[in-house]
Visitor: 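Pasting in a structure now, in structure tokens, and then I'll have a few things to ask.
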Amino acid sequence: MEAPMRLSRYFLPILRETPKEAEIVSHRLMLRAGMIRQESAGIYAWLPLGLKVLNNITRIIREEQNRAGAIECLMPVIQSADLWRESGRYDAYGKEMLRIKDRHEREMLFGPTNEEMITEIFRAYVRSYKDLPLNLYHIQWKFRDEVRPRFGVMRSREFLMKDAYSFDLTAEAGRHSYNRMFVAYLRTFARMGLTAIPMAAESGPIGGNLSHEFIILADTGESEVFCHKDFLTFPPPPADVDFDDAAALEGIVGQWTSRYAATSEMHDANAFAAVPDAAKVSARGIEVGHIFYFGTKYSEPMKAVVNGPDGKEVVVQMGSYGIGPSRLVAALIEAGHDDNGIVWPESVAPFYVGVADLKIGDAATDKVCGELVEQLENAGLDVLHDDRDKRPGAKFATLDLIGLPWQILVGPKGLAEGRVEVKRRKTGERELLAPADAVARIVDAAKQAGA
RNA sequence: CGGGGUAUAGCGCAGCCUGGUAGCGCGGAAGUUUUGGGUACUUCAGGUCGCAGGUUCGAAUCCUGCUGCCCCGACCA
């Protein structure tokens with residue numbers, strides 16, 4: 001919980017016009033709402049409003065990773081080339097990997113992913129099957145030197161990534177670990193108001209033979225996708241799902257893989273033809289997560305082994321599980337906006353409610369705004385108080401642009417009747433309420449949203 | 001990495017063809033006005049015209065080289 005923010009003292013560089021480089025709506029709105037600033041091709045600074053959203057997203061990711069039994073750590077952004085030579089990927093990775101040299105001419109690299117490093121950490125400490133299963137994750141900046149970065153933070157070169165890595169004794173146990181992350185991902189995206197559809201996927205340079213991409217449908221998505229419409233009605237796993245219950249997880253994963261879903265690379269026209277026409281969904285999608293089960297691809301060459309119950313050495317089974325929080329910020333905007341700006345889901349909104357004082361300096365509006373802000377704050381809500389000396393129109397436009405779920409508009413006209421206006425951003429519904437009722441309405445809504 | 005653009009004030013642009021030392025809108029500051037959906041007017045501040053050479057009495061403008069950025073394609077969380 002933070003102190004209520006007075007907009008006159010905040011740093012929110014709103015742009016009235018759209019910078020010309022921004023092609024897609026999320027990029028345009030992130031620049032206009034003062035969330036990010038481009039510093040280089042595909043490299044962005046996160047301004048306060050953008051950072052708040054990013055932090056809300058990583059908070060949800062952490063909560064769901066922890067719930068599923070993963071343990072957070074943090075690995076460095078700069079890695080040694082030697083580590084990557086062990087797995088054979090130093091030469092295999094190609095120009096996407098940014099290679100650098102330190103002052104001693106040692107070959108280093110800016111990490112594009114961390115399988116090698118986590119395997120090195122694992123093998124240094126873990127010797128016994130009794131320490132398994134283990135799942136370690138971190139949330140860290142990564143760099144992939146994309147040939148052509150575009151679409152703002154949707155396809156940037158530097159990006160924030162949550163990576164989890166699982167270690168198990170057997171393939172069966174590894175499958176359970178995979179399912180844990182699968183279910184955790186369904187919950188994570190659902191909490192952000194997204195339906196992410198798990199689709200059969202290529203495993204690419206990460207490797208392995210079991211892999212799903214989690215894709216949300218959006219017109220501006222980069223991938224062409226094909227799936228059954230039932231996915232849009234499947235319920236997300238409940239909060240009390242038992243992650244130790246392998247059969248229960250298998251059941252959930254079973255449901256979410258029971259219908260056809262594939263990206264264009266993996267598309268099987270014959271299989272799709274079997275889907276009833278009325279259920280066919282052919283759309284564009286944004287990849288927001290990707291999970292891999294790759295067995296011993298890294299543990300074998302890097303000798304990550306433990307002693308089994310019979311005293312013999314066993315090469316551990318591994319998987320890795322990624323979510324891109326920085327990309328998710330853009331994906332959430334692609335999925336939630338209108339002509340006036342962003343419409344944030346309540347769980348990730350940078351502030352929960354904005355209180356606009358429509359006539360700064362008016363004793364009545366100033367007083368009521370101060371009281372509203374204090375009461376909302378005391379109720380545990382994150383409040384933005386627009387106390388700038390601006391025209392009402394400018395305030396409406398700003399609040400709509402930055403997409404806070406609720407607005408309270410306090411002006412002399414309404415106050416003459418003892419009323420303020422409560423506006424819900426998502427629907428545009430407005431209500432004239434007494435100030436105390438306005439607070440109650442929004443606090444109730446927050447409780448219902450489980451914020 | 002191929003193809004195509006573009007670079008002039010914080011943002012969006014004009015000026016370049018036909019060389020004469022830079023302008024408009026938005027934004028910012030001051031003021032008057034206005035006060036419920038980006039108000040109107042006045043004044044002000046802000047630019048080594050991407051960088052380096054060259055041509056010329058004189059270059060934002062013409063020529064050469066370089067760099068950044070953007071778009072299309074192939075590649076990708």
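Numbered from 1 within each chain, the chains take letters A, B, ... in sequence-line order.
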Visitor: Separation of A:Arg150 atom CZ from B:rC72 atom P, in whole Å?
Guide: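 Atom CZ in A:Arg150 sits about 6 Å away from atom P in B:rC72.
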Visitor: Just checking A:Ser156: base, sugar-phosphate only, or nothing, at a heavy-atom cut-off of under 4.0 Å?
Guide: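 Base contact.
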Visitor: Without decimals, in angstroms, what is the distance between A:Gln38 CD and B:rC69 C1'?
Guide: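 Roughly 7 Å, once rounded to whole Å.
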Visitor: On the 0 to 90° scale, with breaks at 30° and 60°, tag the A:Phe189-A:Phe214 ring pair as parallel, tilted or perpendicular.
Guide: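 The arrangement is tilted - the two ring planes meet at 30° to 60°.
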Visitor: Please report the distance, rounded to the nearest Å, between CG in A:Leu358 and C1' in B:rU39.
Guide: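 Atom-to-atom, A:Leu358 to B:rU39, this comes out as 15 Å.
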Visitor: Find the distance A:Arg391:CZ to B:rG37:P and express it as a whole number of Å.
Guide: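 A:Arg391 atom CZ is separated from B:rG37 atom P by 7 Å.
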Visitor: Taking the C1' atom of each, how far is B:rA7 from B:rG50, in whole Å?
Guide: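 Those two atoms are separated by 6 Å.
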Visitor: Counting distance only, does the side-chain N/O of A:Thr427 pair as donor-acceptor with the main-chain N or O of A:Glu429 below 3.5 Å?
Guide: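 Such a contact is found between A:Thr427 side chain and A:Glu429 backbone.
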Visitor: Between B:rA22 and B:rA60, how many Å separate the two C1' atoms, rounded to a whole number?
Guide: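 Those two atoms are separated by 8 Å.
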Visitor: Could you state the atom-to-atom distance from CD1 of A:Ile14 to P of B:rC26 in whole Å?
Guide: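 Going from CD1 in A:Ile14 over to P in B:rC26 covers 19 Å.
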Visitor: Could you write out each protein N or O paired with an N or O of nucleotides 2-4 of chain B at a distance under 3.5 Å?
Guide:
none

Visitor: Using a heavy-atom distance cut-off of less than 4.0 Å, which residues of residues 419-433 of chain A contact RNA chain B?
Guide: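 The answer is A:Glu421, A:Lys423, A:Arg430.
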Visitor: Between B:rA29 atom C1' and A:Lys390 atom NZ, what is the distance in whole Å?
Guide: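 So the NZ-C1' distance, A:Lys390 to B:rA29, works out to 12 Å.
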Visitor: Work out how far the P atom of B:rA45 is from that of B:rA29, and round it to whole angstrom.
Guide: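 Here B:rA45 and B:rA29 have their P atoms 16 Å from each other.
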Visitor: Show your working on salt bridge (charged side-chain N to carboxylate O under 4.0 Å, His left out) between A:Asp219 and A:Arg284 and close with a plain yes or no.
Guide: CA-CA 6 Å; A:Asp219 293 340; A:Arg284 301 203 64 85; over 6 Å; no
Visitor: Expressed in whole Å, how much space separates the C1' atoms belonging to B:rG68 and B:rA74?
Guide: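 Here B:rG68 and B:rA74 have their C1' atoms 23 Å from each other.
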Visitor: Pairing check on B:rG28: which nucleotide meets the Watson-Crick or G-U wobble criteria with it, both distances under 3.5 Å?
Guide: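 Result: B:rC44.
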Visitor: Return yes if a side-chain donor-acceptor contact under 3.5 Å exists between A:Tyr298 and A:Glu115, otherwise no.
Guide: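 No, no side-chain donor-acceptor pair sits under 3.5 Å.
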Visitor: Hey, does the side chain of A:Ser177 reach the backbone of A:Ser166 with a donor-acceptor pair shorter than 3.5 angstrom?
Guide: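 Checked: no pair found.
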Visitor: So A:Arg32, base contact, sugar-phosphate only, or nothing? Heavy-atom distance under 4.0 Å.
Guide: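 Answer is base: heavy atoms of A:Arg32 come under 4.0 Å of a base.
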Visitor: Is the distance between the ring centroids of A:Phe182 and A:Trp256 less than 6.0 Å?
Guide: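 No: the rings miss the under 6.0 Å criterion.
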Visitor: Given that both distances must come in under 3.5 Å, which nucleotide forms a Watson-Crick or G-U wobble pair with B:rG73?
Guide: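 Because both required distances fall under 3.5 Å, B:rG73 counts as paired with B:rC1.
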Visitor: OP1 or OP2 of B:rC1 versus the side-chain N and O atoms of A:Lys95: is any pair under 4.0 Å?
Guide: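 Affirmative; the distance criterion is met.
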Visitor: Return the polar atom pairs (N/O with N/O) between nucleotides 8-16 of chain B and the protein under 3.5 Å, or none.
Guide:
| from | atom 1 | to | atom 2 | distance (Å) |
| --- | --- | --- | --- | --- |
| B:rG12 | OP1 | A:Lys20 | N | 3.0 |

Visitor: Any idea how A:His290 and A:Phe292 line up, ring-wise: parallel (<30°), tilted (30 to 60°), or perpendicular (>60°)?
Guide: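 Because their plane-to-plane angle is under 30°, the rings of A:His290 and A:Phe292 count as parallel.
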Visitor: For B:rU6, what is the paired nucleotide under Watson-Crick or G-U wobble rules, both distances under 3.5 Å?
Guide: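 Base-paired to B:rG68.
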Visitor: Without decimals, in angstroms, what is the distance between A:Leu12 CG and B:rG27 C1'?
Guide: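 In whole Å, B:rG27 C1' and A:Leu12 CG are 14 Å from each other.
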Visitor: Send over the distance from A:Glu146 CD to B:rC1 P, rounded to a whole Å.
Guide: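 Checked: the CD to P distance equals 15 Å.
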